[in-house]
Amino acid sequence: MNLHHELSSQTKNLDTILVLDFGSQYTQLIARRIRELDVFSLILPWDISKDKIIALNPKGIILSGGPESVTQKNTPRIPEIIFDLDIPILGICYGMQTLAEQFGGQVTSSKTKEFGHASIKIEQTSILFEELNSGTSLDVWMSHGDHVSTLPDNFNLIASTPSAPIAAMEHSNMPIYALQFHPEVSHTEEGNTIIKNFVFKICQCNAQWKMSNLIDQRILDIKQKVGDQKVLLGLSGGVDSSVTAMLLDRAIGKNLICMFVDNGLLRKNEAEDVESLFKEKLDLNLLVIDAKKIFHRHLRGISDPEQKRKVIGRTFIDIFDNESAKLKDEINFLAQGTIYPDVIESSESESKEARVIKSHHNVGGLPDDMKMELVEPLRDLFKDEVRKMGAELGLPLEMLQRHPFPGPGLGVRILGEITPEKVTTLQNADAIFIEELIKANLYHEVSQAFCAYLPVKSVGVVGDERRYADVIAIRAVETVDFMTATWAKLPYEFLAHVSNRIVNEIEEISRVVYDISSKPPATIEWE
Ligand code: XMP
């Protein structure tokens with residue numbers, strides 16, 4: 001089953017821009033830019049079948065960039081079918097090069113790759129460049145090794161740069177356009193105007209992708225699918241499962257059963273906070289399972305990081321399974337907060353059936369004997385759309401804008417054996433760090449911040465006493481996609497203050513260090 005193509009009944013009828021993915025790091029950004037214009041956009045692998053393209057009935061197709069070179073054999077090509085559909089096409093970077101090659105032009109590999117800013121000169125008027133405030137030159141973002149060296153027949157040059165004389169082109173009688181630079185990247189001056197021109201002027205899309213409509217539509221969808229049957233949701237307190245809970249609550253009320261498992265590896269007061277928000281304040285049907293003892297018993301004596309992850313994952317599934325079996329009601333559906341980046345297929349996935357599954361070990365998948373149908377109302381939404389939806393559904397902003405927290409929780413932040421005492425120490429240190437970040441208005445300046453527990457004894461002097469105790473590492477990173485990250489340059493005075501508080505207030509700690517490793521080579525978590 002290709003889950004990707006299961007569009008909700010409503011999105012099927014929306015004006016859609018299809019983004020064919022040739023593997024660029026910016027592909028998701030293209031779709032997000034279009035959705036920011038309130039137009040629905042979907043990413044599919046470049047080798048998608050003809051039938052699927054036709055079934056989607058897109059108003060326009062964007063061909064993304066990609067890491068390959070069209071000068072090499074067996075590299076991706078545009079499915080010829082799209083040229084017969086008479087749908088507007090916009091090729092970006094690799095998308096432009098393969099367009100050029102498939103229409104008989106020439107692409108040349110440059111000795112030097114061009115990454116970064118370039119100034120392009122607009123050579124000829126084009127709908128794509130209408131209403132640019134900057135006149136006939138634009139500062140754009142380039143990221144390429146190859147360039148189009150000879151225009152294909154029937155294509156006109158519309159823009160150039162000194163290093164890429166054919167920086168943009170358009171077909172003389174078909175709605176086909178191509179750019180060597182990346183309009184989706186914020187460094188491209190007026191990139192949004194170019195995308196807008198394509199989406200509205202060339203593809204004639206209507207702006208139908210609105211959050212308020214979307215919520216009503218999703219609620220209707222859920223009602224239709226579920227009727228008066230019961231739905232079980234594993235609520236973690238994270239953004240995705242919380243927004244899923246709110247949406248289902250609006251659709252089916254008490255027929256939604258939320259299950260929150262306290263695994264004893266959560267942030268300080270997390271279980272209490274989740275209970276007070278969802279049960280007391282929002283009046284959701286919430287079961288809190290206190291499984292701290294079971295998790296800690298299973299984790300006793302284990303220090304290997306992979307082993308710890310496995311035990312945490314397995315224990316979660318066992319408990320979820322057992323607890324749901326205890327429910328008196330018959331449960332027919334399992335809801336999950338899967339979001340779009342979790343399911344976007346890689347460019348080769350159509351052939352290889354590869355799929356990125358929701359970050360590693362969160363819910364771990366369904367036990368085989370749980371015969372429940374999945375409800376995943378956020379499956380086609382980007383994170384910022386999920387946050388927006390959460391805000392409209394009444395979730396507090398602090399919870400929607402919280403840093404990510406890994407599924408195995410503090411289990412990946414305590415090195416060596418995990419004990420309840422170490423968890424408490426780490427929770428206290430982490431709470432100090434986060435509290436201070438918020439106070440200093442630095443929390444939203446970094447993408448993720450936390451403490452890790454290092455079971456390394458070191459000597460310290462606190463007051464008149466020598467203290468031989470463990471170490472806390474402070475970690476704060478800046479990142480866009482969590483695939484790469486740089487350590488945050490937090491002010492020294494701030495770090496000194498946090499360090500003082502931790503050592504003074506937490507007896508079990510004698511020393512604090514700041515992690516100055518970027519990713520790669522280090523990972524964000526310590527494990
Ligand atoms: P690493 O440590 O791999 O982390 O650089 C990248 C991002 O992923 C988060 N992370 C996880 N998230 N389940 C999750 O839901 C996990 O098992 C897991 N492991 C790491 C990490 O917090 C960071 O944001």
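Both counts, for ligands and for their atoms, begin at 1 and track the order of listing.
Under a 4.0 Å heavy-atom criterion, R309 is in contact with ligand 1.
Those atoms of ligand 1 with a heavy atom of F482 less than 4.0 angstrom away are 6 (C), 24 (O). Every atom of ligand 1 is numbered from 1 in the order shown, and the set under 4.0 Å from a heavy atom of T523 is 1 (P), 2 (O), 5 (O). Applying the 4.0 Å criterion to heavy atoms of P408 picks out, from ligand 1, the atoms 13 (N), 16 (C), 17 (O).
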Pair D470-K457, side-chain contact (heavy atoms from CB on, under 4.5 Å): steps then yes or no: CA-CA 5 Å; D470 288 337; K457 289 274 185 275; 3.0 Å; yes
Verdict with reasoning, T188 to H182, per side chain to side chain donor-acceptor pair (under 3.5 Å): CA-CA 7 Å; T188 291; H182 291 272; over 6 Å; no
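Judged by distance alone, the side chains of K230 and N255 do bring a donor and an acceptor atom under 3.5 Å apart.
Counting heavy atoms from C-beta on, the side chains of L232 and L334 come closer than 4.5 Å. Between F382 and R387 the shortest side-chain heavy-atom distance does not fall below 4.5 Å.
Looking at ligand 1, you'll find an N or O of I524 within less than 3.5 Å of one of its N or O atoms. Residue-to-ligand polar distances place Q448 within reach of ligand 1: an N/O pair is separated by less than 3.5 Å. Geometrically, ligand 1 and R413 share no nitrogen or oxygen pair separated by less than 3.5 Å.
The ring of F181 has its center no closer than 6.0 angstrom to the ring center of W141.
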